[in-house]
Amino acid sequence: MEAVAPNVTIYIDDKPFQVKTGKNLLEACLGLGEDLPYFCWHPAMGSVGACRQCAVKVFKDENDTVGRLMMSCMEPVREGMRISIQNIQAKEFRNHIIGWLMTNHPHDCAVCDEGGACHLQDMTVMTGHAYRKYTFEKRTYRNQYLGPFLNHEMNRCIQCYRCVRYYKDYAGGKDLDVFAAHNHLYFGRHEDGVLESEFSGNLAEVCPTGVFTDKTLKQHYTRKWDLTSAPSICQHCSLGCNTSAGERYGTLRSITTRYNGEVNGYFLCDRGRFGYEFVNSASRIRKPLVRSQLPEATSQHVALEEAAKMIRSGKVIGIGSPRASLESNFALKTLVGEEHFYQGFSEPEHDLVEFNLEVLQTTDAHILSLREVEHCDAVFILGEDLTNTAPMLDLAVRQSVRQQPIMEEVPKAGFPIWQDAAVRELVQDRKGPLFIASFQPTKLDEIATETFNSTPAEIARLGFIVASIIAGEEISVHDVTEQTVRMANQIANALLQAQKPAVISGTHGGRESIIKAAANIANVLKAKGKDAGIMLTAPECNSLGLDMLGGHRLESAFDAIDNGYTDTVIILENDLYRRASTAQVNRFFDKCKNVIVLDSLHNKTTERADILFAAGSFAESDGTLVNNEGRAQRFYQVYPTTEDIQESWRWLMQLGDQVHHQHMRGWETFDDLLPAMVVAHPNLRGVEGITPPAEFRIAGQKIPRASHRISGRTATNAVTNVSEPKPAEDPDSPLSFTMEGYKGQPPSSIIPFFWSPGWNSIQSTNKYQLEIGGPLKGGDPGTRLIKPQLQSRSTYFQEAPQHFLPLDGHLFMVPLYHTFGSEELSIHTKGIMERAPEPYVLLNSHDAQEMKLAEGETLTFKIEEQVYQLPVKTSSFVAQGAAGLPIGLPGLPFSALPAWGILNREISWKKQPQPIS
């Protein structure tokens with residue numbers, strides 16, 4: 001635990017205030033609610049004193065009437081300090097500074113995408129800059145193509161350096177920089193091209209002007225004040241990043257960061273920010289369908305009646321989904337009965353997620369949040385390619401490697417950590433310990449101390465050896481090379497020397513043994529007195545929540561149909577062709593008498609539905625997700641729909657009403673579901689209190705989803721009626737679908753958007769925080785369902801796997817993941833599709849040479865019943881006898897990986913030893 005800094009008293013314009021030591025003046029003033037303009041400073045990146053906009057007058061004591069101008073972002077607070085924000089010289093200085101910054105800025109606010117949400121606009125008003133004195137020709141630049149996500153308009157740049165500081169220093173990008181000098185700076189790439197960083201979209205929020213803007217928003221542009229917004233949770237991985245989703249005219253138009261101090265902080269990855277277009281996809285299901293009545297869509301009433309007949313006349317089972325909310329899965333489980341509910345994981349995922357949960361519930365190590373990973377001073381990653389499986393965890397690790405050199409060097413130098421330029425100059429390229437054991441090289445390797453590329457078995461073995469060394473025990477893993485022992489000793493020593501070591505693993509390595517090794521390391525570090533933490537990734541946004549609800553295996557559902565125990569299935573938001581082999585799923589559907597599907601997008605499973613219900617996406621639904629650390633968080637419906645689209649849980653409640661289900665009697669709203677779910681599943685206790693109930697009001701008012709500045713309310717509905725209709729009502733939340741409602745700050749868990757008088761940009765976040773960069777007022781959203789225990793609970797796992805041994809005529813296929821392409825929903829976004837690779841298979845260079853296969857040539861192989869014919873990519877880092885197969889790419893059939901792939905009989909190479917099972 002970090003020591004709480006003592007308070008000091010400072011005087012701002014002769015008024016005393018208590019502030020924490022260690023802060024700079026700008027942070028302190030903003031934290032106290034003072035309006036002080038700035039540009040180059042950012043709460044996540046510290047101070048560099050580049051823009052000179054935050055000047056204040058600093059006085060020696062109460063008798064000093066002259067004072068001197070200081071940049072508040074560069075001045076630490078100290079006891080008895082006296083400053084003035086309102087001093088006339090300070091105000092004139094700030095006015096002159098912004099005048100200079102605006103010299104070459106175009107007069108294009110009316111057409112700028114940033115208009116209405118622009119930090120530069122806010123600061124010009126705040127400083128009183130109204131008219132420009134510069135009347136000569138402006139400097140102009142050529143803009144660049146930066147890819148499908150961002151627009152570039154360099155003429156708007158005010159040279160604050162935030163973009164390169166974020167992109168290069170914070171996110172580790174290499175293809176965006178500052179060029180030239182003096183008053184002719186150019187921020188961009190060395191040539192046109194797609195920005196390579198998976199976090200490039202944050203430039204749209206980091207930039208205080210309109211240099212970098214959201215290209216997906218431009219395609220259906222709406223001013224910020226015309227958006228209807230709601231608090232939401234990213235659906236595209238297991239980390240549970242907080243977002244604000246914005247809508248206009250029934251179309252989802254933007255995703256922006258919703259600050260959560262314990263999770264994603266100020267940033268999002270590009271998949272989370274830009275992958276929302278699946279909500280607007282042509283593949284959306286917008287009407288219920290009854291197969292016997294095609295090609296016409298049917299009414300909601302008819303679809304429910306037909307489905308109810310099937311449920312009453314058949315033997316029904318339900319298949320849940322890790323991308324559906326807790327409430328929807330619980331409603332399905334209640335409808336079909338606990339004994340007839342199947343979780344809907346693929347077979348390998350079921351085991352891995354279940355084991356993840358077991359480890360989290362029994363570990364002695366602290367379960368880390370994303371924010372806590374940033375402050376760890378040594379990290380060991382086992383089996384995960386974080387950039388592609390949990391991108392924001394990659395970004396957190398990039399901050400963690402700075403901790404050890406900063407803690408060692410900066411206190412000696414005697415300046416504060418927030419002086420970013422000085423810190424980076426002092427530390428240079430030194431980095432703390434980061435060790436990565438993965439199947440192939442990852443993007444994080446560039447900042448790693450050492451890397452280890454091998455098969456899942458060898459990664460697990462390395463982890464078991466490290467745990468033995470830390471515990472001071474004899475290494476129980478047999479047949480170990482000197483090189484492996486050397487590396488294990490290096491890792492163990494680095495973790496033991498750290499104050500806050502972190503162990504990161506998860507389900508994507510494909511083997512329980514890797515997670516066991518990670519758990520062992522974290523637990524023995526804890527036993528050695530270290531403040532050790534563990535983080536385990538999960539496959540999807542609600543994988544852990546679904547596992548906490550319980551249920552049977554998907555394989556058992558297939559057996560139930562195959563053996564005639566049941567004949568009717570209800571499938572919840574789950575494409576089974578992504579969970580089992582094509583042949584297996586086809587056999588399942590061929591034997592089903594009735595198939596009822598609820599989903600938001602057409603897929604191969606919905607094509608087999610006898611009745612199809614149009615399920616709301618996250619933008620049209622309320623629900624709860626449980627992230628990889630066991631944090632339950634709520635997302636809210638952004639806008640009402642005029643079509644027959646409903647939350648899955650609402651469809652299921654209506655089906656329960658149709659069949660007179662006794663346990664669903666009286667269920668009408670979201671708040672009816674929550675207490676019933678907690679009673680049925682005590683391990684979920686706490687989800688009922690993470691947000692206020694639907695009847696919550698402040699001063700008798702709901703919380704508006706739209707800004708009070710919203711314009712054109714009548715015009716919004718002019719396509720149907722020029723008279724303003726009655727706003728839609730929301731019985732499931734304390735939010736209204738209008739601009740009417742409470743104008744103050746709502747509870748932190750239901751903040752639809754960040755806005756404050758004079759602060760129209762995302763920088764208004766500082767008005768909602770207890771302290772700058774700290775938790776939101778009222779606490780950060782969400783609650784952890786997995787609580788630490790007082791006594792030791794951990795299990796030390798013993799069974800290290802045997803060596804991996806290649807098999808003649810086979811390749812051991814390991815799953816590979818891609819930020820853009822592997823995830824099921826975001827791939828329906830044009831920009832994401834553009835960045836996704838074509839299907840391929842990754843071979844060891846030597847194996848490819850032995851098989852006489854060059855890059856791009858086709859390899860034919862078979863995994864169980866599925867035949868693959870894929871172009872070859874090669875790597876010298878992939879283990880011989882193993883190969884990588886991408887997960888989820890369009891056109892690539894499912895296989896349960898890792899698994900042995902049988903090569904085409906025409907291809908063989910040197911005889912290898914037989915594998916040990």
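Looking at Asn628 and Thr537, their side chains never bring a donor and an acceptor atom within 3.5 Å of each other. Counted by atom type alone, Tyr276 and Thr243 present zero donor-acceptor pairs between their side chains at under 3.5 Å. For the residue pair Ser369 and Glu262, a side-chain donor N or O sits within less than 3.5 Å of a side-chain acceptor on the partner. Inspection of the Thr257 and Arg273 side chains reveals an N or O donor paired with an N or O acceptor under 3.5 Å. For the residue pair Thr829 / Ser826, no side-chain donor-acceptor distance below 3.5 Å is found, with atom types taken as modelled. With no hydrogens or angles considered, no side-chain donor-acceptor pair links Thr566 and His340 at under 3.5 Å. Side-chain N/O atoms of Glu277 and Asn280 include a donor and acceptor closer than 3.5 Å. With hydrogens and angles left out, the side-chain atoms of Asn523 and Thr363 include a donor and acceptor closer than 3.5 Å.
Tyr768 and Phe754 have their aromatic ring centers within a separation under 6.0 angstrom.
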Run the side chain to side chain contact (heavy atoms under 4.5 Å, CB included) check on Leu326 and Asn542 step by step: do they pass? CA-CA 8 Å; Leu326 276 179; Asn542 200 30; 4.2 Å; yes
Should Val279 and Arg284 be marked as a side chain to side chain contact (heavy atoms under 4.5 Å, CB included) after you check the CA-CA gap, both sets of side-chain angles, and the distance that decides it? CA-CA 7 Å; Val279 175; Arg284 281 301 303 274; 3.6 Å; yes
Checking side chain to side chain contact (heavy atoms under 4.5 Å, CB included) for the pair Trp649/Phe670: CA distance, chi angles, key distance, verdict? CA-CA 8 Å; Trp649 53 261; Phe670 186 86; 3.6 Å; yes
Using the side chain to side chain contact (heavy atoms under 4.5 Å, CB included) rule, take Gln633 and Asn242 through it: C-alpha gap first, then chi angles, then the decisive distance, then the call. CA-CA 9 Å; Gln633 301 182 106; Asn242 287 211; 2.8 Å; yes
Using residues 673-690 as the side-chain source, report each donor-acceptor pair under 3.5 Å to any protein atom, sequence neighbours left out, with the distance given to one decimal.
from, atom 1, to, atom 2, distance (Å)
Asn683, ND2, Met548, O, 2.8
Glu688, OE1, Gly686, N, 2.9

I'd like a table of donor-acceptor pairs (distance under 3.5 Å, sequence neighbours excluded) in which one partner is a side-chain atom from residues 769-779, with atom names and distances.
from, atom 1, to, atom 2, distance (Å)
Gln769, OE1, Gly773, N, 3.4
Gln769, NE2, Tyr266, OH, 2.9
Glu771, OE1, Lys23, NZ, 2.8
Glu771, OE2, Lys20, NZ, 3.0
Lys777, NZ, Lys767, O, 3.0

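Between the CH2 atom in Trp755 and the OG atom in Ser229 there is a gap of 14.0 Å [rounded to 0.5 Å]. The line from CD1 of Ile596 to CG of Leu612 is 11.0 Å long, rounded to the nearest 0.5 Å. Atom CE of residue Met653 and atom CD of residue Gln658 lie 13.5 Å apart, to the nearest 0.5 angstrom. Atom CD1 of Ile514 sits about 10.5 Å away from atom OG1 of Thr507, to the nearest 0.5 Å. With rounding to the nearest 0.5 Å, the separation of OG in Ser822 from CD1 in Ile832 is 11.5 Å. From Asp575, atom CG reaches atom CD of Glu573 across 12.5 Å, with rounding to the nearest 0.5 Å.
For His366, the side chain to side chain contact (heavy atoms under 4.5 Å, CB included) test picks out Leu368, Glu372, Arg784, with sequence neighbours left out. Residues forming a salt bridge (Lys or Arg N to Asp or Glu O under 4.0 Å) with Asp547 (at least two apart in sequence, or on another chain): none. For Ser736, the side chain to side chain contact (heavy atoms under 4.5 Å, CB included) partners two or more places apart in sequence, or in a different chain, are Lys702, Pro704, Thr738. In this structure, Glu374 has no salt bridge (Lys or Arg N to Asp or Glu O under 4.0 Å) partners at least two apart in sequence or on a different chain. Residues forming a side chain to side chain contact (heavy atoms under 4.5 Å, CB included) with Thr228 (at least two apart in sequence, or on another chain): Glu247, Arg705, Ala706. In this structure, Ser321 has no side-chain hydrogen bond (donor to acceptor under 3.5 Å, both in side chains) partners at least two apart in sequence or on a different chain. Under the side chain to side chain contact (heavy atoms under 4.5 Å, CB included) criterion, Ala694 pairs with Asp671, sequence neighbours left out. Contacts of Asn627 classified as side-chain hydrogen bond (donor to acceptor under 3.5 Å, both in side chains), with partners at least two apart in sequence or in another chain: Glu629.
Residues Tyr742 and Arg697 have side chains not in contact (no heavy-atom distance under 4.5 Å, counting atoms from C-beta outward). Ile233 has its side chain out of reach of Phe618: every pair of non-hydrogen atoms, C-beta onward, lies at least 4.5 Å apart. You'll find the side chain of His236 reaches within 4.5 Å of the side chain of Phe278, heavy atoms only. Leu652 is not listed as a side-chain neighbour of Thr334, based on a closest heavy-atom distance of 4.5 Å or more. Between Leu227 and Ser254 the shortest side-chain heavy-atom distance falls below 4.5 Å. Contact of the Asp732 side chain with the Arg650 side chain is registered, since non-hydrogen atoms from C-beta on lie closer than 4.5 Å. Side chains of Ser281 and Leu601 form a contact here, defined as non-hydrogen atoms less than 4.5 Å apart. You'll find the side chain of Leu268 stays beyond 4.5 Å of the side chain of Cys234, heavy atoms only.
Screening residues 334-350 for salt bridge (charged side-chain N to carboxylate O under 4.0 Å, His left out), with sequence neighbours left out, gives Glu347-Arg553, Glu349-Arg579. Pairs of residues two or more places apart, or lying in two chains, that qualify as salt bridge (charged side-chain N to carboxylate O under 4.0 Å, His left out) and include a residue from residues 322-336 are Arg323-Asp599, Arg323-Glu824.
The minimum heavy-atom distance between Leu370 and Met535, with the atom names listed, is N-CE, 3.8 Å. Leu625 and Ala324 make their closest contact through CD2-O, 4.3 Å (heavy atoms, listed as atom of the first residue, atom of the second, distance). Summarising the geometry of Thr819 relative to Pro391, their closest heavy-atom pair is CG2-CG, 4.0 Å, with the distance given to 0.1 Å. When every heavy atom of Pro288 is checked against every heavy atom of Asp644, the shortest pair comes out as CD-CB, 3.5 Å. Listed here is the closest heavy atom pair of Ile751 and Pro231: O-CB, 3.5 Å.
Taking the six-membered ring where tryptophan is involved, the planes of His350 and Phe345 are perpendicular, since the angle between them exceeds 60° and thus also 30°.
Put simply, the side chain of Asn574 never gets that close to the backbone of Ile571: no donor and acceptor are under 3.5 Å apart. Checking side-chain atoms of Ser505 against main-chain N and O of Leu382 turns up a donor-acceptor pair under 3.5 Å. For the pair Thr387 (side chain) and Asp394 (backbone), a donor-acceptor distance under 3.5 Å is absent.
We find that Arg578 and Glu540 are not joined by a salt bridge, their nearest charged nitrogen and carboxylate oxygen being 4.0 Å or further apart. One finds no salt bridge joining Asp780 and Arg371 here, because no Lys/Arg side-chain nitrogen approaches an Asp/Glu carboxylate oxygen to under 4.0 Å.
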